[in-house]
Student: 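Sending over a structure as structure tokens; questions will come in a sec.
Residue numbers begin at 1 in each chain, while the letters A, B, ... track the order of the sequences.
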Number of protein chains: 2
Amino acid sequence: MDRREAILDAAIAIADESGLDAVSMRTVADRVGVTPMALYPHIGSKGALLDAMQGRILGELLAVTTAGQTWQEQLATLAHAGRDLAKRHPWAGTLMFSRPSVAPDAVRVTDAIYQALLSAGVPDDEVPRLERLLSTFILGYGLSETGGRFGPGELNPRGRRGNLPDGTLPGHARLAKWLGGPTDWDEEFEADLADLADLIEEKARRGRRGPD
Amino acid sequence: MDRREAILDAAIAIADESGLDAVSMRTVADRVGVTPMALYPHIGSKGALLDAMQGRILGELLAVTTAGQTWQEQLATLAHAGRDLAKRHPWAGTLMFSRPSVAPDAVRVTDAIYQALLSAGVPDDEVPRLERLLSTFILGYGLSETGGRFGPGELNPRGRRGNLPDGTLPGHARLAKWLGGPTDWDEEFEADLADLADLIEEKARRGRRGPD
DNA sequence: ACCTGAACACCGTTCAAGT
DNA sequence: ACCTGAACACCGTTCAAGT
């Protein structure tokens, strides 16, 4: 097997098992069965290794096919694939946000979203912006879930406002009924996607009437 | 001055100047004029230092006031404050996504968004989800800008599809006209906010008619 | 009460040396 | 052509010692 591929396999396995911080030239080399310095001719540097890991992840995203689907189905397929990926590889979100997507596969994912928006009837000049809005949200959602931003503290104001005087959180007070229990993140993701699909549909409808 | 505050000042100054990676117990201690180990009684650990930095940032966000504004103005004020913060402290986005918001100030920011959504007329049971949708997008946008995900490569397909066969990027081909030039990120952020405000208005309108 | 110095187990990377 | 060993300049953190 190609040494470079073996190195990537090892790095991804370590990241899946113990997080991105556990990926070091030393731990990767150990897993491959070689000295840290032996990695350099094959992958260049730690940064290049992270870029290559990102490329692998995006390759997985491209495995999904959207041929013959409606634009709603296409977007849903891509969004779910993105979120599934974030769950399978919890470190992927951090990586995506922290470095520009240089892999050629990244452009192909972007293109798939462009195509879905175009077939929805979104005016050409609005497509790139809406693609960034969608991908930013999907990435952010995945990262919030896996990174802990949507942690239990977000939902349960009891035990968090201990050091705040009463009456400073009127919003929380009024919404108490909806803030108690656990949240179904799958359900919430579906609802968000439905809302964003509505937004796209509205864009397309206005586009057909011509711009304001 | 309180030693703990001085330590936080130093850490934030270093992060602003040289990035979050440059913040180490050693560099912070150097700036304060003390040995690394002298920090521990005051801040506990590196992780606690990062949490405290996050708290400071959120405190800045609470300085904005939204009293007497329409809900559209309230949301715009908060969104702009969030994005300005991300520009002033480029490391803040990474920090927000990578750890749950434990600071009491975080709940107050959330509450401000709750209040705006409530006064827009969004049904109570949809407010927490829409708050997460909004904050996820705003954070993600700031992080994409400062972290480089919205880098020049995203916009200019020339020079990136060198290793892809022709015809694999139909979306890019059709949108070539809109993908050439530089993007005004301020303008794009405004347009995104306007779209999300439309979405909220639509929610409120449907809520008044009663649920489906 | 607060700080220091030495130490431990880690990093990424360079460079000369081995086969 | 590919890999190793030693070294350099870094990490966060512990622990005994100083004032």
Side-chain angles (χ1 to χ4, degrees), chain A residues 1-56 90-92 94-100 102-103 147-148, chain B residues 1-56 89-92 94-100 102 147-148:
Chain A
M1 176 174 28
D2 189 0
R3 257 278 193 267
R4 188 188 151 85
E5 293 308 306
I7 292 170
L8 269 175
D9 288 342
I12 287 172
I14 292 168
D16 286 347
E17 290 162 17
S18 322
L20 201 55
D21 287 349
V23 176
S24 79
M25 299 305 269
R26 283 165 165 89
T27 55
V28 172
D30 259 21
R31 192 156 190 137
V32 176
V34 94
T35 3
M37 308 76 206
L39 303 179
Y40 283 81
H42 297 106
I43 43 96
S45 71
K46 174 82 182 284
L49 173 62
L50 296 176
D51 285 337
M53 290 170 74
Q54 194 190 42
R56 270 281 191 89
W91 43 272
T94 318
L95 215 51
M96 294 293 179
F97 268 121
S98 64
R99 49 212 315 118
V102 292
Chain B
M1 175 175 28
D2 189 1
R3 257 277 194 269
R4 188 187 151 84
E5 293 309 306
I7 292 169
L8 268 175
D9 288 343
I12 288 173
I14 292 168
D16 285 347
E17 291 163 16
S18 321
L20 201 55
D21 287 348
V23 176
S24 79
M25 300 305 269
R26 284 165 166 88
T27 56
V28 172
D30 259 21
R31 193 157 191 136
V32 176
V34 94
T35 6
M37 308 76 205
L39 303 178
Y40 283 81
H42 297 105
I43 43 96
S45 71
K46 174 80 181 286
L49 173 62
L50 295 176
D51 284 337
M53 290 170 73
Q54 193 190 43
R56 272 279 192 91
H89 307 296
W91 43 272
T94 317
L95 214 51
M96 294 293 180
F97 268 122
S98 63
R99 49 212 314 117
V102 292

Student: Please determine whether a side-chain nitrogen or oxygen atom of A:S24 lies at a distance below 4.0 Å from atom OP1 or OP2 of C:dG12.
Tutor: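 Result: yes.
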Student: From C-beta outward on B:V34, which listed nucleotide comes closest to its side chain: C:dC11, C:dC3, D:dC3?
Tutor: C:dC3
Student: In this structure, how many angstroms lie between the C1' atom of D:dC11 and the CE atom of B:M25, rounded?
Tutor: 11 Å
Student: State which of C:dC11, D:dT13, C:dC3 makes the closest approach to the side chain of A:T27.
Tutor: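 From the listed options, C:dC11 comes nearest.
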Student: Whole angstrom is fine here: how far is it from CG in A:L39 over to P in D:dG5?
Tutor: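 So the CG-P distance, A:L39 to D:dG5, works out to 14 Å.
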Student: Whole Å only: how far is the CG atom of A:D21 from the P atom of C:dA9?
Tutor: 21 Å
Student: Within the pair A:H42 and D:dC2, is there a side-chain N or O less than 4.0 Å away from OP1 or OP2?
Tutor: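 No.
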Student: With A:D9 as reference, evaluate A:R31, A:R4, A:R56 under the salt bridge (Lys or Arg N to Asp or Glu O under 4.0 Å) test and give the passing residue.
Tutor: A:R56
Student: For residues B:V28 and B:I43, determine if any side-chain heavy atom of one lies less than 4.5 Å from a side-chain heavy atom of the other.
Tutor: no
Student: With a 3.5 Å limit on both atom pairs, tell me what D:dA6 is paired to, counting Watson-Crick and G-U wobble, or say none.
Tutor: C:dT14
Student: Between C:dC11, D:dC3, C:dC15, which one does the side chain of A:M37 approach most closely?
Tutor: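 Shortest atom-to-atom distance from the side chain points to C:dC15.
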Student: Taking C-beta and beyond as the side chain, do B:R3 and B:V34 meet within less than 4.5 Å on heavy atoms?
Tutor: yes
Student: Considering only D:dT13, C:dC11, D:dC3, which nucleotide approaches the side chain of B:K46 most closely?
Tutor: D:dT13
Student: Roughly, in whole Å, what's the span from CG in B:D2 to P in C:dC2?
Tutor: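 So the two atoms are 10 Å apart, to the nearest Å.
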Student: Identify which nucleotide among D:dT13, C:dC3, C:dT13 has an atom closest to any side-chain atom of A:Y40, counting heavy atoms from C-beta outward.
Tutor: C:dT13
Student: If each of A:P41 and B:R26 is mapped to the nucleotide of DNA chain D with the nearest heavy atom, which maps nearer the 5' terminus, i.e. the 5' end?
Tutor: A:P41
Student: Looking only at side-chain N and O atoms, does B:W91 offer a donor or acceptor that is under 3.5 Å from a partner on B:D21?
Tutor: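 Note: B:D21 and B:W91 side chains miss the donor-acceptor criterion.
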